[in-house]
Each structure stands twice: as C-alpha cells, then as structure tokens.
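Report on the following structure.
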Amino acid sequence: MNNKAAQSAWSMALQNNYGTPTIQLDHGFGAEVFDVEGNRYIDMLAGIATNILGHAHPDVVQAISEQSAKLGHVSNLYMHQPAIDLAASLKSMVGDSSARVFFCNSGAEANEAAIKLSRLTGRKRIVATDGAFHGRTMGALSITGQSAKRDPFNPLLKKISHVPFGDTGAMRAAVSRKTAMIIVEPIQGENGVVVPPVGYLAELRSIADSVGALLVFDCVQTGMGRTGQWFGYEHEGIQPDVITLAKGIGGGLPLGAVIAMGPAAEYFQPGSHGSTFGGNPIATAAANAVVRVIKAHELMPRTLRLGAYIADSISAVPGVKEVRGQGLLLGIVLQAEVAKHVNESLMRHGILANAATSTVIRIAPALTITEPQVDQFIAAFTATMKELIADG
Ligand SMILES: Cc1ncc(COP(=O)(O)O)c(C=O)c1O
C-alpha cells in the first residue's frame, strides 16, 4: 500500500466529510509517526490535541491491554473500578468535594450533556461566543459560533445567542435571569488558538453569578495538562459550575467527561441522561494511566517550559506575526494568508501540524515530545518559511 493507493481506496469507501487526506499513517511512538511508505513525521498535532502522551505510550498500552483482557464493557447497569478511580481523580483535580462526574465518549457529547444539565435549571437561554467550537452534533453545533458550520443545518436549538469572545461588556448585556448557562472555551482552539484578555474568565464568573446562570468551561481542547494546568482556566483563580472534557483525557481512546459542581452536580438524576459506551472500562483505564503519567513525570511544568521555548523561537522566524496560546496549545500567526501552503510544506519537511485558519498554524503536540524533536520542528518550520519567502 502506498499513499496514492490508500487515497483511492479511502475515497471509494468513505464519505467525503473530511475530504481525502494525503497520507495514511501506519504506526507511531511518542511524537513520531510513520506513513505507509515509511516516511517519518514529527507529530506536532497529536490527533488534534488528543494523544496527550503521544502514540503507543507503554503505560497506556499496558492499561488498555490489561483491562481489555479482564473486562471490556459492562454497560451502566454495573460499576467498575476504572470509572470510580477516574472520577475521583477528576474530583480531586478540581478540588471541590461537591464535584460529580458524568462520562461520555467525545467533546460534542460532553457539551450536549452540559446543555441538558442547563435545562434542568428551569431556564432555557444559553449565551456562547463568536468563533467558538463546541462540536458537530445538533446541540453542540447550536452553541458553536461559526456560521459556515452551522448554517447548512438550520434550524438548530432556539434561545441561543453569541457574543464576541473576550468582550465582557457584550456578555453582561446578553445575559438575564432567563439565562441557563454561559459556555466558553478558556482558549478558542479550532478558531485559531485565540486567547482572551487576562481577567476575562474571572469576569465571566461574576457575570454568571449576577444572574444566577451556570458558568460552563469547555476544556475539551485545553484540558488534561495541555496548557500546563489540568484545566485551561485555573490561572484566573475561579471555578466554573461545569467543565466539559474529551480529547486528551483518554490518551487517544474515545472518552468525554462532564464535571459538575455545587447544585449542578445534583441535577442529573436516574433517567436524566446516559450513554452506553460512556466511561467504559477500557477508555477509563487508559485515562487513569494518562493521569498517573502526567503526575509522575511532572509533565505540566515541562509543558509550560517547552511551550514558552517554542513560542520564543518561532516568534523570531521571518513571516511570523506572533505566537499565541499557552503550554503546548499554540497558534503561530503568519503575516500573510498562507497557512494552508505552509502546512503542506511542513508535511514535506516531515512535520504534521494544522492550518486552523488561513493565517494560523496550530500545534498541539504530545506533552511527552522530546527536546530534540521540538528542535527538529523549529528547524523545519524555519526552513519552510525561508523557502516561502525566497519563492516570493
Ligand atoms: C473546545 C472543543 N469542544 C468540543 C469539541 C468537539 O469534540 P469532539 O470532536 O470529540 O466531539 C472540540 C473538538 O475539536 C473542541 O475543540
């Protein structure tokens, strides 16, 4: 099999919602992957912020293997230890004894659950932000603030409004005593790693409190250590009512979670919500391994150090306007609308990244990426930009 043959087999069998990718990956280890032709890449995207410990991490492989040999699936009619352990870990991460966890399989499902939870306040209105991405299912799409993704699927949920991200005045004006929840990403990932002004998240806490609305932080992309803290909002010193998680938590396995605190922790009662596969033993065993490794290897402070090093080095490359983000979720903002071209060229230099918008290259590598791999990325990025400038 080569990449061309794989493309033709893919396009003959799969729907076209992702287009046809250019390479087929075969195997990987850590932050390195190989395609079916044996080409090596440094994976600076990690399954779009998902393979938080990289590919085939021995502890994750062992956890999955042992659990699948023991008990693969039990439904939600029975308890199992990996889910209890993971929920207890998440609870201790948020540091709130009232916290309770619901498990699902993905980010969209986590946000769907948050929407349903908010309905149990007795209110219906939701305020979200322009540019936000919360998932592709109908509820999650309704709170997503990108009309190109939403419009073909109208009508969506009613009573949802969007205000500019980072604008506390607009948020204050949009909420009322009818608002059930405010939902915001601590950093907008899909929208090009957009970081709000310092103090924004804390101000949202006081706006939500002023009208008695739930404050929900969608930490699907910013959670599980990626920004150098467990959840992407902690630097603001406040606590939301609800956190939604997915991506990194399962270390590559499908897993989502909703952590609710205070009164919201009690809203779901038997029959309110559910998921057959949500929080299954294998995915939660993998997640427990992820948590153990992040703690044992002190990966979060390392993530901050590496992120700052990458941002400093890449900011100095000609053609780069700025590097924004936190920890290992970074958006490289280019001076021209050439992100797609740069991304293709990076691939030829053995780097997997993502053109999040026409001007932004997003990187979100494994927290375990090595220093030499980071330097190879910086060298390849610099060479790519030099070529681009030389070609005019
Ligand atoms: C912040 C955020 N929320 C929700 C989602 C949707 O997650 P999923 O694709 O697992 O449904 C994403 C995916 O990129 C995301 O970045």
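Both counts, for ligands and for their atoms, begin at 1 and track the order of listing.
For the pair R172 and D167, the salt-bridge criterion is not met [side-chain N within less than 4.0 Å of a carboxylate O]. Taking the charged nitrogens against the carboxylate oxygens, E371 and R302 do have a contact shorter than 4.0 Å, which makes a salt bridge. The residues E344 and R348 are annotated as not salt-bridged, no charged nitrogen and carboxylate oxygen being separated by less than 4.0 angstrom.
Pairing each heavy atom of P186 with each of P196, the nearest pair is O-CD, 3.1 Å.
At a cut-off of 3.5 Å, with distance as the only test, no side-chain donor of S89 or N288 sits close to an acceptor on the other residue.
Within 4.0 Å of ligand 1, protein heavy atoms belong to S106, G107, A108, N111, F133, H134, G135, E185, E190, D218, V220, Q221, K247, listed by chain and number.
A donor-acceptor pair is defined here as one N or O able to donate and one able to accept, closer than 3.5 Å; such a pair exists between the side chain of Q146 and the backbone of G131.
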